[in-house]
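Notes for the one structure printed next.
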Number of protein chains: 2
Amino acid sequence: MIDRRRRTVRDLRRGNRSVLLWQLYLRGTLTRNDLARATGLSAATVSNVVSQLIRDGVVVEDGSVESDGGRPHVLLRVNAGHGHLVGVDVGETRVRVELFDLSMATKAKADYGLDSGGRDVEALVGLIHAGLRAVLDNSGVPAERVLGVGVGVPGVVEHTPEAVVHGQTVGWDAVPLERLLREDTTLPLFIENGAKSMGQAEMWFGAGRGASSAVIALIGSGVGASVVANGATYRGASSSAGEWGHTTIQIDGRACRCGARGCLEAYVGAEAVLDRYREHTGTAPTAADGGEEAAVAALLDTADAGPVLDRTAVYLGAGIADLINLFNPQRIILGGWAGMLLGPRLLPGVRASAARHALRHPFGQTSIELCQLGPEAVALGAATLPMERFLSQGGTAVPAAP
Amino acid sequence: MIDRRRRTVRDLRRGNRSVLLWQLYLRGTLTRNDLARATGLSAATVSNVVSQLIRDGVVVEDGSVESDGGRPHVLLRVNAGHGHLVGVDVGETRVRVELFDLSMATKAKADYGLDSGGRDVEALVGLIHAGLRAVLDNSGVPAERVLGVGVGVPGVVEHTPEAVVHGQTVGWDAVPLERLLREDTTLPLFIENGAKSMGQAEMWFGAGRGASSAVIALIGSGVGASVVANGATYRGASSSAGEWGHTTIQIDGRACRCGARGCLEAYVGAEAVLDRYREHTGTAPTAADGGEEAAVAALLDTADAGPVLDRTAVYLGAGIADLINLFNPQRIILGGWAGMLLGPRLLPGVRASAARHALRHPFGQTSIELCQLGPEAVALGAATLPMERFLSQGGTAVPAAP
DNA sequence: GGACTTAATTTGAGTCGCGATTTAACCTGG
DNA sequence: CCAGGTTAAATCGCGACTCAAATTAAGTCC
């Protein structure tokens with residue numbers, strides 16, 4: 001039912017500022033003429049809008065290129081120093097706070113352990129605030145120049161309209177995280193599921209670049225997915241879309257920690273793979289005391305793990321085939337820490353299994369690849385949220401001018 | 001990445017015409033003041049735009065309502081006679097052509113059998129043209145006043161940019177249907193998968209009214225789905241999204257006609273249910289010679305069909321749970337001819353099974369209901385495609401004025 | 001019949017994007 | 001060194017747009 005918003009004459013200018021900014025941001029440096037050609041706007045309007053953007057400090061001229069006989073082109077780019085962004089990665093064991101400039105270069109970091117396993121929300125909120133202060137102090141960036149703070153959290157984020165987080169794995173039930181954070185900061189907050197923000201990082205800077213639709217399949221201890229459709233993260237009615245781990249792959253199959261049976265997560269998550277190896281061989285995998293990650297790494301070198309891993313590829317391929325059939329994406333991107341560890345070993349088997357289980361036509365339109373960014377991209381992805389807003393608003397919501 | 005289109009000053013007026021038209025179309029009759037409140041536009045602008053719409057014949061005044069002491073409100077509505085729409089339903093056995101006015105009231109119908117099972121594309125194209133001529137002649141509507149022709153077809157429709165149809169069930173491999181139809185008509189064509197156009201009919205006029213996201217699950221001989229997200233049909237990268245029937249519900253399970261094993265369609269489509277009944281009892285269901293539809297109807301009255309039907313509800317519920325987990329829709333709507341036949345019997349079991357297999361949170365946000373329109377809604381849904389375009393363009397693309 | 005209410009239109013001002021024109025900044029060739 | 005050529009960018013005038021305020025229209029009520 002398309003766009004239901006009214007248009008005022010101001011929206012015109014804001015929209016065109018946004019169109020030009022997105023172009024400059026995604027394609028690097030361009031001339032005014034390039035912008036006119038790329039957007040379809042007249043050269044007059046581009047010139048006019050760009051001069052306004054330069055006056056606002058959002059865009060800067062960046063050298064020139066001589067042409068063959070005429071006035072040289074002036075190159076334009078987004079002013080990386082015009083503002084800053086904060087990305088926060090709330091994990092189950094750590095909180096990471098990272099400060100970026102507009103080119104997404106890291107300017108400062110702070111990193112804290114969480115001993116309560118993330119259950120203690122007040123302590124977590126305190127650490128986020130401490131991290132915020134730390135990155136601002138260390139970099140000397142004044143708070144007024146921060147365009148926003150993106151926070152990636154484990155769990156479903158509902159916007160009602162304030163962000164409320166439901167996180168089973170950390171025992172959160174409707175934690176009003178936005179309100180809690182708001183008590184100690186006035187910066188714009190963007191709270192989002194960590195898997196979705198990682199997916200966005202992968203789309204902007206990783207294996208998803210250039211695609212407008214993709215599904216990022218994340219395999220860690222459990223299994224999740226981030227769906228990108230028409231260039232934007234797909235959230236569904238209450239932001240819990242993409243719960244791929246609990247789709248049924250085997251009716252009445254293995255018990256899953258969600259209480260149901262036969263979930264994909266009960267077969268292909270790190271925990272499930274280790275369990276299945278134990279059942280298969282009767283022994284625990286080596287290095288099991290080094291944690292799940294070490295155990296999975298050890299599994300790859302274990303001689304008798306072959307059948308378990310091959311079978312995992314079959315399950316995973318079937319799960320991916322479901323994604324292909326239902327979402328018809330341009331790409332499937334395999335990520336998550338276990339996905340990165342197991343990926344190279346499993347990928348051929350996964351591709352074969354997906355080809356068997358998916359319909360020919362959508363399978364032919366997609367490719368199955370490994371991710372390019374690691375799990376530490378959550379903070380980066382979280383920082384893209386205020387950036388997305390900034391660009392879409394045409395670089396208004398500008399912090400206090402210098 | 002949001003809207004990448006430039007804005008010109010003309011888009012403003014067209015956009016606001018569109019906003020007002022959508023309001024009038026969806027909510028029936030409104031006054032100018034209602035429109036101003038609903039859209040946020042100023043009363044001045046609404047008055048201005050509406051007078052233009054009235055001058056163009058798109059909108060008409062429709063009586064007035066006295067207010068308590070002031071000037072009476074004038075009611076406005078879309079002029080149902082301003083133009084007409086054609087919906088074509090291409091099935092495997094029939095072609096139906098239907099003419100509607102803008103209020104979607106049927107003005108004429110034509111209906112032809114297809115003996116080739118739809119394989120003979122040239123014959124089909126001839127019948128569509130014959131139907132077009134017939135409905136126009138019978139109703140006396142001149143072709144210039146038809147805003148467009150929507151065609152719902154069995155198979156995947158790829159827009160490259162001309163619509164090309166891939167239909168396994170009718171043996172079509174890349175049939176350039178748009179080009180073929182274009183040879184004999186200049187009317188705007190909108191070719192779409194029949195399941196998706198039925199889904200759109202259900203969203204506009206059936207069980208989906210008022211929802212902005214839903215999945216319409218269609219059970220016929222096979223199984224399919226139409227996904228609606230953010231108020232628009234979700235198509236994916238190459239328009240084949242929503243192939244729910246071939247998601248895997250049981251690894252290495254029953255063989256499916258697609259060649260894979262364990263597809264949902266191998267358990268819950270009409271064909272599969274009848275097969276499973278035969279295997280269960282060793283006998284064919286009564287009235288099997290009356291076709292699948294009669295056989296399914298007979299099955300419902302058969303004493304020993306209980307276990308097969310109960311088990312079907314379990315499978316169907318698990319498949320629906322996958323949709324809930326992945327798409328997080330506001331509603332699940334159960335349709336298709338077999339879905340309508342079996343629905344009342346299966347629904348309690350389906351709901352219970354979906355509750356067991358879906359995550360608590362997204363399951364709590366959705367409801368599972370029966371559809372309100374029958375399979376004959378394909379033509380209606382196809383006719384909504386030109387209507388959607390007409391409204392989104394603000395009632396421009398107007399046929400020659402009377 | 002005059003005061004009051006509410007709906008709708010008109011008016012005047014401020015913005016916007018575009019096409020045409022002008023200015024700016026460079027090259028080349030004699 | 002300088003006229004002529006070439007391309008990029010800025011400027012100008014025009015038509016179109018929305019909005020707030022003022023005005024007109026069409027009723028009710030005492």
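A note on names: the letters A, B, ... follow the listed sequences, proteins ahead of strands, and every chain is numbered from 1.
- The side chain of B:Asn33 sits closest to C:dA8 out of D:dA8, C:dA8, D:dC17.
- A salt bridge links B:Asp56 to B:Arg17: at least one charged side-chain nitrogen sits closer than 4.0 Å to a carboxylate oxygen.
- Rounded to a whole Å, the CD atom of B:Glu61 is 12 Å from the C1' atom of C:dT9.
- Rounded to whole angstrom, the span from the CZ atom of B:Arg13 across to the C1' atom of D:dT18 amounts to 9 Å.
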**OP:** Toss me the dot-bracket line for DNA chain D: Watson-Crick and G-U wobble, both under 3.5 Å, 5' to 3', using | for pairs to another strand and [ ] for crossers.
**Re:** ||||||||||||||||||||||||||||||

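- Closest approach of B:Gln372 and B:Phe205 over heavy atoms only: OE1-O, 4.4 Å.
- Rounded to whole angstrom, the span from the CZ atom of A:Arg10 across to the P atom of C:dC16 amounts to 6 Å.
- Under 3.5 Å, the side chains of A:Glu98 and A:Thr106 contain a donor-acceptor pair of N or O atoms.
- Looking at A:Thr31 and A:Asn33, their side chains never bring a donor and an acceptor atom within 3.5 Å of each other.
- Salt bridge present: A:Arg235 and A:Glu192 bring a charged side-chain N and a carboxylate O closer than 4.0 Å.
- As a whole-Å value, the separation of B:Arg32 CZ from C:dT6 C1' is 14 Å.
- Position along DNA chain C of the nearest nucleotide to B:Ser47 versus A:Gln52 favours B:Ser47 as the more 5'-ward residue.
- A:Val227 is linked by a side-chain contact (heavy atoms from CB on, under 4.5 Å) to A:Val215, A:Tyr234, A:Phe327, counting only residues two or more places apart in sequence or in another chain.
- Between the side chains of A:Ser238 and B:Asn328, at least one donor-acceptor pair of N or O atoms lies under 3.5 Å.
- Of the candidate nucleotides C:dG17, C:dG19, D:dA9, C:dG17 has the atom lying nearest to any side-chain atom of A:Leu12.
- With distances taken from any side-chain atom of A:Thr31 to the nucleotides C:dC18, D:dA9, C:dC16, the minimum falls on D:dA9.
- Atom P of nucleotide C:dT15 and atom CZ of A:Arg17 are separated by 15 Å, given to the nearest angstrom.
- Computed from coordinates, the B:Leu35 CG to C:dA7 P distance equals 13 Å when rounded to whole Å.
- Across C:dG19, C:dG17, D:dA8, the shortest atom-to-atom separation from the side chain of B:Thr8 is found for C:dG17.
- Comparing C:dA8, D:dC17, C:dG17 by their nearest atom to the side chain of A:Val9 picks out D:dC17.
- Between the side chains of A:Gln393 and A:Arg14, no donor N or O sits under 3.5 Å from an acceptor N or O.
- Straight-line distance from the CG atom of B:Asn48 to the C1' atom of D:dG15: 14 Å, rounded to whole Å.
- Residue B:Ser42 has a polar side-chain atom (N or O) positioned under 4.0 Å from OP1 or OP2 of D:dC19.
- Straight-line distance from the CG atom of A:Leu41 to the P atom of C:dG19: 11 Å, rounded to whole Å.
- Between the side chains of B:Thr233 and B:Gln200, a donor-acceptor pair is found at a separation under 3.5 Å.
- No contact: B:Val46 has no heavy atom under 4.0 Å from any strand.
- Look at A:Arg32 and A:Glu61 and you find a salt bridge, because one of the NZ, NE, NH1 or NH2 atoms lies within 4.0 Å of a carboxylate O, short of that distance.
- Residue A:Val50 is classed as having no contact, given no heavy-atom separation below 4.0 Å to the nucleic acid.
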Close N/O contacts between protein and nucleotides 1-6 of chain D (under 3.5 Å):
| from | atom 1 | to | atom 2 | distance (Å) |
| --- | --- | --- | --- | --- |
| D:dG5 | N2 | A:Gly69 | O | 2.7 |
| D:dT6 | O2 | A:Gly69 | O | 3.3 |

